[in-house]
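Since the structure comes first, as structure tokens, the remarks are kept for the end.
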Amino acid sequence: MRFKTLKLLMAAGPWAFTPAIVRAQTAPAPVTVEWRTQLSFYGDNTEFFEPFRIRETILGQQFKSYLDVPTGGHTAFWAGLFADHRAAQDAAFPVKPILSFVYRSDVSKGILGALETVHRHGLIEPMEVTTLELTRPVEYGLQWIQKDNFIHLDSFLNWQTLLSPGQSEVFDYGGAAILPVAGDLALEGQLHGYHAGGAQFNVPVWNNLAAGVGLKWQADPESLGKTFLEVDGLTSKTTNLTGYPGPSQGYGLYAKGSWSPDQAWEFFILGWLGKDFYSREGDSNYNSVGTDGVYYQSVRHYEELGFRRQVAIENGVTFDFELRSHWIEDSWANSFRLVATVPFDVPVRVPAD
């Protein structure tokens, strides 16, 4: 009997002699996987009749669901899908994968694969038009996000189309950075580039680059509500674009102010004065080039006035309504947006091996 017991202990190894409390402390902890899901119901309508930007109605529903799986203290991967259904009678239902490798720490995040596209990476309207939030919510490429006491940065490379015979490669890149200066004042930098072409297959290559620097002031006194003011000087350069009707170099001055008396309401006003400015993916109301690529007006001015109402309903569900008035040169236009967002996140505990 003693010999049989000894053989069993030898087969179990040193683990058998370890006290139970020590084994419990050294056992691998279960992994918590986050199942993140968001549904969005949206409608955006613009009533523009000017040569710079034409009217557009965007209506649909979006579904995004993926697993956020940690693989260590600083790494994880995302795996899921995104679907976008446009209009009530549109049969098209494109589905895109959500696949990313993620490195993250307390102050930074690096992404390879499907990117985070919150508020157009912080880019202002002359750099990227606001409708991209609805029409291009999924991007693929590289991204680095940094948020610490020195800088707030969102930088990215978004690869839109791969090069192939008869087809241009297309990608855009850039980002926004905010550096605190003193108190409520911060220095802001903006950059957005657009590249198309492919010398390998003799596809014409051309580039558009827009950049800017400015100051941002933000205060939040309890008695007056949140106040925000931003002023940016911008420049643009377009090279090798066939048929481009204007000078390659352009300039602009952008200013925006807003006031939020509470967490739900925001009232804002912005103005623009530009000369030969052109950003390929920016709001065309700021460009000197018309939508047909031929009409050109060197000196531009544009103003916008509006308000936004965001209602937090329950359990993270929000309803966002925005109404805007636009003064495009000497004419008036209007637009509005409705977005209902329903998040559904579920933590899943997976036992470790």
Side-chain angles (χ1 to χ4, degrees), residues 48 50-54 56 115 117 120-133 135-136 138-144 153-177 188-214 232-254 272-302 328-329:
F48 299 131
E50 296 304 309
F52 304 104
R53 184 177 173 185
I54 58 176
E56 182 180 22
L115 309 181
T117 57
R120 310 177 312 280
H121 303 285
L123 292 169
I124 57 179
E125 295 91 336
M127 300 287 193
E128 282 202 338
V129 64
T130 59
T131 51
L132 284 175
E133 297 171 359
T135 61
R136 199 173 73 196
V138 177
E139 298 177 346
Y140 300 100
L142 300 168
Q143 185 175 19
W144 185 263
L153 169 70
D154 186 339
S155 58
F156 70 97
L157 168 64
N158 168 39
W159 211 282
Q160 302 183 29
T161 305
L162 292 176
L163 178 64
S164 62
Q167 176 178 279
S168 299
E169 66 177 1
V170 177
F171 60 83
D172 70 296
Y173 58 91
E188 181 178 48
Q190 298 265 329
L191 175 71
H192 185 264
Y194 183 92
H195 167 86
Q200 180 179 350
F201 297 112
N202 296 318
V203 179
V205 178
W206 68 276
N207 292 277
N208 173 248
L209 182 67
V213 64
D232 294 282
L234 280 71
T235 184
S236 68
K237 188 179 179 88
T238 304
T239 55
N240 300 328
L241 178 56
T242 303
Y244 183 68
S248 62
Q249 194 81 29
Y251 308 92
L253 181 65
Y254 169 91
W272 167 260
L273 180 62
K275 179 177 173 59
D276 303 320
F277 184 86
Y278 176 62
S279 176
R280 174 70 175 188
E281 294 195 332
D283 189 331
S284 297
N285 283 324
Y286 298 83
N287 288 337
S288 288
V289 185
T291 55
D292 58 4
V294 177
Y295 182 86
Y296 200 89
Q297 183 172 324
S298 177
V299 178
R300 292 290 322 282
H301 67 86
Y302 168 73
I328 310 165
E329 302 303 326

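For clarity, every value in this text was computed on a predicted model and none was experimentally measured.
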Self-check item: Audit row: Asp154, Gln143, side chain to side chain donor-acceptor pair (under 3.5 Å) steps and yes/no
Solution: CA-CA 7 Å; Asp154 186 339; Gln143 185 175 19; 3.0 Å; yes

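- To the nearest 0.5 Å, the span separating CG on Asn158 from CG on Asp172 amounts to 4.5 Å.
- Under the 3.5 Å distance criterion, the side-chain polar atoms of Arg300 are matched with a main-chain donor or acceptor of Asn287.
- Residue Gln190 holds its CD atom at 8.5 Å from OH of Tyr254, rounded to the nearest 0.5 Å.
- Below 30°, between 30° and 60°, or above 60°: for Phe52 and Tyr295 the angle between ring planes is above 60°, a perpendicular geometry.
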Exercise. Evaluate salt bridge (Lys or Arg N to Asp or Glu O under 4.0 Å) for Glu281 paired with Arg120, printing each intermediate quantity in order.
Key: CA-CA 11 Å; Glu281 294 195 332; Arg120 310 177 312 280; over 6 Å; no

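- The distance from atom CG of Leu132 to atom NE2 of His121, rounded to the nearest 0.5 Å, is 9.5 Å.
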Exercise. Please assess Met127 against Asp232 for the test side chain to side chain contact (heavy atoms under 4.5 Å, CB included), listing each intermediate value before the final yes or no.
Key: CA-CA 12 Å; Met127 300 287 193; Asp232 294 282; over 6 Å; no

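- The shortest heavy-atom contact between Asp276 and Ser288 is N-OG, 3.2 Å.
- For the atom pair CZ of Phe277 and OH of Tyr251, the computed distance is 12.0 Å after rounding to the nearest 0.5 Å.
- In this structure, Trp206 has its ring center no closer than 6.0 Å to that of Tyr244.
- For Leu163, the CG atom counts as densely surrounded, since its 6.0 Å shell holds more than 12 non-hydrogen atoms of other residues, nucleotides or ligands.
- Under the salt bridge (charged side-chain N to carboxylate O under 4.0 Å, His left out) criterion, the residue pairs touching residues 282-298 are Arg53-Asp283, with sequence neighbours excluded.
- Within the 3.5 Å criterion, the main-chain N or O of Ser279 finds no donor-acceptor partner in the side chain of Ser236.
- The CD atom of Glu329 sits 4.0 Å away from the NE2 atom of His301 when rounded to the nearest 0.5 Å.
- To the nearest 0.5 angstrom, His195 atom NE2 is 4.0 Å from Glu169 atom CD.
- In this structure, a donor-acceptor pair under 3.5 Å is absent between the side chains of Thr130 and Glu125.
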